[in-house]
Structures are given as structure tokens and as C-alpha cells.
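Just the heavy atoms: all of them, side chains too, but no hydrogens, waters or symmetry mates, feed the values below.
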Amino acid sequence: MRFPALVALALLGACGKGEPDTLSAESALAPSPWHDDGPFRFSDATTASGLGSFQQVCGSAEKPFLPETVGGGCALFDHDNDGDLDAYLTNGAKFGQTLEQNPSDALCLNDGRGRFTDGTRAADIDERRWTAGVRVCDVDGDGWSDLYLTNFGRNTFYVADGRGAYVDRTEAAHLAVNSWSTGASFFDFDKDGDLDLHVANYVAFDEARMLAEHPTTSYQGVEVMKGPQGLPSAPDCFFVNEGALVFREASAELGMSDAAFGFQSLAFDFDLDGWVDLFVGNDSVGNNLWRNLEGKRFEDVALRQGLAFSLSGRPQACMGATLGDYNGDQRADVYVTNFADDYSTLYRGEERGFALDVTQSLGLAAPTMDKLAWGTGFADLDLDGDIELYAVNGHVYPQVDRFRLGTEYRQPAQLFECVDGRFREPAGRGGKAFADKRAGRGGAVGDVDGDGDLDLLFEDIDGPPRLLRNDGRNGHGLEVVLVGAGANREAVGARVRLRAGERVQTRWPGVADGFLSSSARTLVFGLGTLGKADELEVTWPLGKVERFTDLQIGTRVTIAEGVGGAAARLTR
């Protein structure tokens with residue numbers, strides 16, 4: 001057992017007092033049935049929105065090979081700068097097909113009221129490489145969102161041309177990773193003003209050999225596909241931005257040469273030393289926490305800081321990860337989704353960048369044990385000032401449905417609310433839309449229909465996506481958009497704190513969280529019944545701090561770096 005003193009603190013729970021709960025005690029608190037009369041009411045708007053016409057393809061029904069099980073992410077972003085959120089949906093493929101035979105990803109354009117039409121061809125997108133992740137970021141700082149797609153095969157870097165289309169700059173930018181890439185994070189690691197790129201890679205999958213040998217393994221006595229354990233892991237890549245959209249791969253010289261089964265990454269300053277660090281959640285092995293040594297090298301401190309393993313001291317099977325501040329102490333908390341027969345893990349941020357696995361004491365262990373979770377996110381879905389937590393679930397083995405193994409292939413998504421420092425599934429469990437069982441994977445959050453609250457977009461394998469429209473808002477919110485100086489226009493690496501009454505909320509813009517997905521860049525702060533926010537504090541990526549006061553509810557403000565009080569302008 002490592003760090004016994006820290007473990008003891010973790011068992012004390014969210015408020016540092018009280019007796020630890022057991023899994024059996026948690027299990028006695030059975031969730032209520034799904035219904036639409038609870039405090040959170042989401043309705044399935046997939047068909048009405050037009051998104052239901054998209055069909056994701058991910059291998060064969062039996063899933064005999066690992067790439068057929070992982071699926072991909074999705075994105076909500078303003079592609080055409082018209083003020084509403086468009087959607088990017090990733091697609092897979094089937095073994096034995098040519099590139100031309102594979103289905104393409106899709107870019108779906110929003111009419112401003114949550115109805116979408118296909119804009120893929122008009123945007124010059126034709127992506128058929130078995131896409132895993134979509135990272136949206138304005139990499140060159142021209143005011144238009146660019147796309148970096150991580151693939152099973154060559155990755156693709158689409159740069160916006162400023163007229164509604166994209167140009168493939170992958171080779172010119174030296175970003176053509178020919179691996180099986182998953183997560184991607186843009187951030188300014190060396191404080192030179194532009195954005196560098198970390199790419200997580202998963203398995204060194206030898207397609208010809210796997211198809212010939214057809215390796216399998218046993219899961220609870222059932223023969224299933226093999227992986228990732230028993231297969232070689234792939235080393236991650238780190239690209240230094242040398243200007244003019246040209247990158248240099250520098251993982252070895254920066255100390256990032258370890259190979260792991262990487263999935264999702266989170267770029268944030270965990271120790272508050274002014275340099276953006278990187279958490280990488282790994283499947284089946286310990287996670288990484290790469291401490292940024294003042295832009296010169298990285299050092300893996302995950303074991304020392306408490307983010308490598310669960311409370312029991314063992315590795316888990318990280319799929320997705322998200323960043324938030326659930327208890328309002330202004331420290332970053334990390335939530336990691338994991339495999340079935342294990343809980344998804346909430347690491348509470350502590351002083352000096354330490355983290356504690358407080359999952360069991362917060363009530364999150366038992367309700368996640370029988371789920372295999374992927375996409376996830378912290379968001380204030382009812383705008384009351386407390387953040388909720390959602391998870392997109394679905395198993396990887398279709399064979400589990402043939403046996404009584406205590407789990408199932410298609411699983412419902414989950415919603416958790418934070419009440420008195422603990423999480424629980426709310427009455428109604430988010431509405432009947434959450435009851436739909438799918439092989440869920442990616443997830444993104446944003447205000448799709450422009451009504452001021454946050455909606456959810458889920459990507460499922462072998463079927464259409466799900467658009468869950470939020471119909472149950474209880475409070476009012478404040479929307480904030482940051483405009484950074486120079487190439488880092490999205491202010492990736494900034495930290496935003498909002499004080500309203502006695503409550504402080506913290507957000508980290510530009511963090512690539514969830515599962516291989518990208519959520520809307522607008523920061524949404526719930527204010528409940530309060531009429532205004534007392535103070536908004538922005539710590540910009542290079543350390544400058546600016547404060548703004550008397551911000552009214554129900555508005556969107558755009559804050560430009562370095563302009564001062566006049567920078568906070570009402571945009572809605």
C-alpha cells in the first residue's frame with residue numbers, strides 16, 4: 001500500500017470527516033427508475049435534429065479484433081462562425097475494405113435551432129481512415145477552428161481556410177502519425193506563445209498478423225478478442241510547434257519515450273507552478289502525470305502525486321477522463337472512466353498537486369462497477385452552481401449477452417448530481433432518454449439549441465449518435481468566451497474562477513476531456529437564483545491575472561486578453 005497517510009485521508013470522504021462507506025452500503029441505495037418528472041429532464045432529439053441519418057460503422061458484429069471495439073469521439077463546435085454549434089461525427093471502417101470503400105466522417109451544420117444538415121462535402125472533408133478522436137482547436141489563431149483527427153492509420157490535420165472549408169495540412173505540418181492514435185491535446189508547454197501537440201497512441205496493432213492469427217483471450221470464461229493486454233503498446237508522440245504550422249516530433253528529447261496503452265489526456269497545471277502539465281489515462285497500466293519542467297523536459301510523477309493507480313494500488317483500464325472542481329475548493333479534480341467489474345475513479349485534488357481516490361466515499365463506486373464507461377464530463381446541467389457528472393457506457397464484448405455475467409453489451413448512460421459533497425443518480429436519472437441502451441463511446445457537451453442550457457451529444461458504435469436536449473433547467477447561467485493573445489487564441493492553459501455569493505466555481509478552457517471528443521469552448525457557470533456574479537478572475541496562460549465584476553445572469557461575455565475591464569463585452 002503506497003502513501004498510507006494519503007489513503008487514510010481519502011477514506012474520510014468529501015468533507016474530511018465521517019465513516020467510510022462500503023460498496024454493500026452503497027448498493028443498498030438503488031437508483032430510481034428512469035422518468036421525466038425529475039430535476040434533470042433530457043429528451044432524445046436525435047431524429048428531430050437530423051443527426052439520426054448518420055450511421056457509424058465499426059467492424060463486424062462479433063468484434064473479433066480490438067480496433068472494432070473502441071469506436072470514436074464526436075465534437076460540438078462553431079465550424080462556420082455563425083454563432084451556433086455544429087457537430088463532427090467520427091466513423092469507423094471494416095477490415096478487408098479499401099480506403100475508398102470505407103464510410104466518411106460527417107460534419108453536420110446547425111441552423112441555430114438544433115436542426116442539422118450534412119456539410120461534409122462543402123467543407124472538403126473526406127475522412128475514411130477509421131477515425132478514433134476529433135480534437136477541435138484554433139491552432140494558428142486566425143479565429144477559425146481547425147481539426148486534428150486521430151486515426152487507426154495516418155492521422156489528419158485539417159486547417160480551416162476561413163471560408164467554411166478545410167485544407168489537409170498533415171504532411172506539410174509534419175503531423176502524419178502512422179500508428180493507432182487516440183487522444184490529442186494542444187497546449188503551450190514552453191510558453192513561446194504557440195500551441196504544441198501531444199498525441200496518445202494505443203496499441204502497435206499489426207493488422208496483417210492479427211487477421212491471420214486471429215488471437216483470442218478469455219473473459220469470465222468466454223472466448224473474446226484479444227487486447228490490449230498481450231499486445232505491444234505504442235509510444236506517444238509530442239510535437240513542438242516551430243511556427244508557421246510546422247511541428248517537430250520531440251518526445252524522446254523531452255523525456256516522453258515510455259510506451260503505454262494511452263487513451264485520453266488532460267493538459268492543466270496540476271501543481272500551480274505556472275507551467276502546463278499533462279495527465280494521460282492509460283488502459284490496463286498505470287496512468288501518467290507528466291510534470292512540465294519549465295518547458296525543457298517532462299517527468300512522470302503520477303505515482304508520487306497519487307494519479308497512477310486506484311486506492312487499492314493497482315492499475316485500472318482508463319478510457320475517458322475529465323477535469324472539474326466538484327467541491328469548490330479551486331483545485332482540479334480528475335474523473336477517469338474504467339472497464340466493467342471495476343469502478344470509475346474520482347481523484348480529488350489536494351494541496352501541492354496531490355490527488356486522492358475518493359470514489360467510494362463519494363458514492364460513485366457501486367453505481368459504476370457493472371458499467372464499462374467511456375465518454376464523460378463535468379458540467380452544470382441545471383445551472384444551479386454545482387457541477388454534474390455524466391458517463392457514456394457500453395461493453396466491448398458482444399458475447400457477454402449470451403451468458404449471465406452480471407453485465408450487458410449495450411448499456412444506458414449515467415448522470416450523477418453532487419449533493420452535500422457526495423454524488424448520486426438523481427430522481428428520474430436524467431429522464432427516459434438516459435434509459436436507452438447503446439454501445440456508447442464519445443460524448444460532447446454544449447448549448448445546441450441556443451436556449452442557454454447545456455445539451456449532450458453521444459457517439460455510439462454501429463448506429464446513429466444521440467442528441468439529448470436539456471429540458472429541465474432550474475437556474476440561470478453566465479457564459480464566458482476567452483480570446484487569448486497571439487496564436488493561442490482559445491487561451492488554452494488559462495484558469496477561470498467565478499465568485500457568486502459564497503460559492504467559487506473554476507473552469508479550465510481548452511482542455512481535451514471526455515473520450516476522444518471536443519466540447520464547446522464556451523464556459524458556462526450556473527448561478528442558480530442569483531442575479532449576478534460578484535467577480536470573474538482569469539489567469540491567462542502566461543500568468544497574467546485580470547478581474548471583472550458585476551456580470552449579469554443570462555448573458556454571454558467575451559473577454560480579450562490584455563485589454564482590461566473594457567475587454568468584457570456583452571455578446572448575448
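Across all non-hydrogen atoms, the minimal contact from L289 to D300 is N-OD1, 3.0 Å. Taking all atoms of both residues into account, the shortest heavy-atom contact from F261 to S284 is CD1-CB, 4.4 Å. Across P39 and A427, no two heavy atoms sit closer than the pair CD-O, 3.3 Å. Between D273 and R291, the shortest heavy-atom contact is OD2-NH2, 4.0 Å. Considering every non-hydrogen atom in both S344 and T337, the closest pair reads OG-CA, 3.3 Å.
Ring centroid separation for the pair H35 and F434 does not come in under the 6.0 Å cut-off. Aromatic pair F279/F270: centroids not less than 6.0 angstrom apart. The aromatic ring centroids of H198 and F298 lie 6.0 Å or more from each other.
When only modelled atom types and interatomic distance are considered, Q505 and R507 share a side-chain donor-acceptor pair under 3.5 Å.
Using cut-offs of 30° and 60° for the angle between ring planes, the F205 and W180 rings count as perpendicular. Classified by interplanar angle (parallel below 30°, tilted 30° to 60°, perpendicular above 60°), the ring pair F238/F189 is perpendicular. Using the six-membered ring where Trp is involved, F65 and H214 have ring planes that are tilted, between 30° and 60° apart.
Taking a cutoff of 4.0 Å between a charged side-chain nitrogen and a carboxylate oxygen, E350 and R348 qualify as a salt bridge. Taking the charged nitrogens against the carboxylate oxygens, R314 and D342 do have a contact shorter than 4.0 Å, which makes a salt bridge. Under a 4.0 Å N-O distance rule, the pair R466/D436 does not qualify as a salt bridge.
In terms of modelled atom types and a separation under 3.5 Å, the side chain of Q399 and the main chain of E62 share a donor-acceptor contact. A donor-acceptor pair is defined here as one N or O able to donate and one able to accept, closer than 3.5 Å; such a pair exists between the side chain of N287 and the backbone of L307. Here the side chain of Q264 pairs a donor or acceptor atom with the backbone of L516 at under 3.5 angstrom. For D384 (side chain) and D386 (main-chain N/O), a donor-acceptor pair under 3.5 Å exists by modelled atom type.
For CD of E253, the number of neighbouring non-hydrogen atoms (other residues, nucleotides, ligands) closer than 6.0 Å is greater than 12. Within 6.0 Å of NZ on K191 lie more than 12 heavy atoms contributed by other residues, nucleotides or ligands. Within 6.0 Å of atom CD in Q330, more than 12 heavy atoms from other residues, nucleotides or ligands are found, so the atom counts as buried in its surroundings.
Atom-to-atom distance recorded for D357:CG and Y347:OH is 6.0 Å, nearest 0.5 angstrom.
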Practice prompt. Dump the intermediate steps for salt bridge (charged side-chain N to carboxylate O under 4.0 Å, His left out) on R331 and E351, then the final yes or no.
Written response: CA-CA 8 Å; R331 300 188 183 101; E351 293 183 358; 3.6 Å; yes
